[in-house]
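Heads up, the thing below is written out as structure tokens.
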There are 4 protein chains.
Amino acid sequence: MSEFDVSRQRGLPVYLQIQAQIERRIAAGSLAPGDPLPSVRTLAKQLRINPNTVVRVYRELEFLGLVETRHGEGTFVAAGAQRRAKATVLVEEHAAAYVTAAKELGLDQGEAVAAVKAAWRKRDTAEVA
Amino acid sequence: MSEFDVSRQRGLPVYLQIQAQIERRIAAGSLAPGDPLPSVRTLAKQLRINPNTVVRVYRELEFLGLVETRHGEGTFVAAGAQRRAKATVLVEEHAAAYVTAAKELGLDQGEAVAAVKAAWRKRDTAEVA
Amino acid sequence: MSEFDVSRQRGLPVYLQIQAQIERRIAAGSLAPGDPLPSVRTLAKQLRINPNTVVRVYRELEFLGLVETRHGEGTFVAAGAQRRAKATVLVEEHAAAYVTAAKELGLDQGEAVAAVKAAWRKRDTAEVA
Amino acid sequence: MSEFDVSRQRGLPVYLQIQAQIERRIAAGSLAPGDPLPSVRTLAKQLRINPNTVVRVYRELEFLGLVETRHGEGTFVAAGAQRRAKATVLVEEHAAAYVTAAKELGLDQGEAVAAVKAAWRKRDTAEVA
DNA sequence: GTGGTCTAGACCACG
DNA sequence: GTGGTCTAGACCACA
């Protein structure tokens, strides 16, 4: 398994960077169901970060159903993870595209979010009708 | 100026329907800067709705900088309104596209909004870097 | 807001004890949507535990949609939390009842889980038919 | 001994259907300790299924201690089988009840299983205390 | 003031 | 060896 990389400096939290990289590998299939992830301690040492940060990443991924942890054994890519991860990655791409457009149009975050909520509401009422 | 139409029954609030139609006409240029909008009473009668509803629409449009009300004269399309209205309409379209994608991927509103916030944050940190 | 209590000694992790108590109060309605939870630092001091442990609890509750955290403001019971919390508590009660029965019948955890999976499968196939 | 019945088509595997029916008869006492079960070949012909399927059923039942096979003689209901079968049937009923409740509350299988494990753990720690 | 992230290092439980 | 929990205390970001 090739390396991950994290950039320190303030910006995206480290744990989110790692989480995103793992999600992408699962979505791409380079991490397949059943594959073991590096142990918490190993990955922590590799990335020169605190083990607790890795624990947090793995915990989030487990909540998302992308990995399963087997106590005393390790952390493994979950069955059906690829489909879920693909959805996650797709969502991120759509959201990024939307944010790009919104920023170009001069919206701030609050306005962009409000527009999504409005569109959601419209969609809902359209479906009901 | 041709007619507007509103559908009662559960769905989008009437005032939002009217507002959206006016925004679109301004964006399209069929309502140009300086053009008068119907008076509150006239439009209310035409659409058979409460005048207060029209007042609300005009107030929202004024807040958005799309119209200006001149006391004793009436309500007029504001200078530079077309550019702003186009942006508004574009944002709505982008938001609608995003919502469509998010719904297809099975997200609920909270998740969709969270994804936008996350993407926004990512964009911010990327720009800083 | 009256006190929570946690028992140290090994057993249920502290964070799960606190989480369960908050869930129950939300389910019971004594913590209503919009109500603030104690600040992380306050609750930590009250329970004489580390603030990070409280952070963890609040994070889990947010994931479950029971609370929402507003950065710089505090943590609040989320809208619709009562319904969700009631479901959680109900599930816990059903699960506890099942576990009681299974233990009385001499099953170990693996067997009890297997029986649930089998019943689930049966239910699924019955619904399809 | 009256007939068994199996429904083909997608649904529960045939061998589980037969196994469950035998378990229930043992639990009900209509198959008592010492009673012979139909020979593998006889039952297979009667149900128009493959003898290997019947072999599998009898093997499972033997593993559960409900029947014993005596080489050259046949398969017989084991001593003490009724008590054990009752437990099995009871477990199935409890599990089914739990699954019903969990589904109504909108859980998926993973969540339902997790709740059982959590409840099990709680019970364990409660007993220790 | 609030919550969010990260580190360092402890001890426990499972296999 | 593996992951899970908890502490102590740091620094950051939002309001």
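Hydrogens, waters and symmetry mates play no part in the numbers below; they use all other heavy atoms, side chains included. A, B, ... follow the sequence lines: proteins, then strands. Residue 1 opens every chain.
Taking for each of Glu73(C) and Thr42(A) the nucleotide of DNA chain F with the nearest heavy atom, the 5'-most of the two is the partner of Thr42(A). Between Ile49(A) and Thr75(C), the residue anchored closer to the 5' end of DNA chain E is Thr75(C), taking for each the nucleotide with the nearest heavy atom. Where Gly72(A) and Thr53(A) meet DNA chain E, the nucleotide closest to each residue was compared, and Thr53(A) sits on the side nearer the 5' end.
Of all heavy-atom pairs spanning Phe63(C) and Leu64(A), the tightest one is CZ-CD2, 4.5 Å.
What separates CD1 of Ile18(C) from P of dT5(F) is a distance of 13 Å, to the nearest Å. Atom NZ in Lys45(C) sits about 13 Å away from atom P in dA8(F), given to the nearest Å. When rounded to the nearest whole Å, the span between NE2 of His71(C) and P of dG3(E) equals 9 Å. For the pair Arg48(C) CZ and dA8(F) C1', the interatomic distance rounds to 17 Å; values are reported in whole Å. To the nearest angstrom, P of dG3(E) lies 9 Å from CG of Leu37(C). One interatomic measurement links the two molecules: CG of Asn50(A) to C1' of dT5(E), which rounds to 11 Å at whole-angstrom precision. Across the protein-nucleic acid pair, Leu47(C) atom CG and dT7(F) atom P stand 10 Å apart, rounded to whole Å. As a whole-Å value, the separation of Tyr58(C) OH from dT5(E) P is 16 Å.
OP1 or OP2 of dG4(E) lies within a sub-4.0 Å distance of a side-chain N or O belonging to Thr69(C). For Tyr15(C) and dT5(F), the shortest distance from a side-chain N or O to OP1 or OP2 is below 4.0 Å. Residue Arg56(C) places at least one side-chain N or O under 4.0 Å from the OP1 or OP2 atom of dT5(F). The phosphate of dT5(F) (OP1 or OP2) has a side-chain N or O of Arg59(A) nearer than 4.0 angstrom.
Under the 6.0 Å distance and 45° angle rule, Arg25(A) counts as a cation-pi partner of Phe4(A).
Under the Watson-Crick or G-U wobble criterion, with both distances below 3.5 Å, dC14(E) is paired with dG1(F).
A donor-acceptor contact under 3.5 angstrom links the side chains of Glu23(D) and Gln19(D), judged on distance only. With 3.5 Å as the limit, one finds a donor-acceptor pair spanning the side chains of Thr69(D) and Glu62(D).
Taking 3.5 Å as the limit, the base of dG15(E) and the side chain of Arg70(A) contain no donor-acceptor pair of atoms between them. A donor-acceptor contact under 3.5 Å links the side chain of Asn52(C) to the base of dG9(F).
With respect to the salt-bridge test (charged N to carboxylate O, under 4.0 angstrom), the residues Glu93(D) and Lys86(D) do not qualify.
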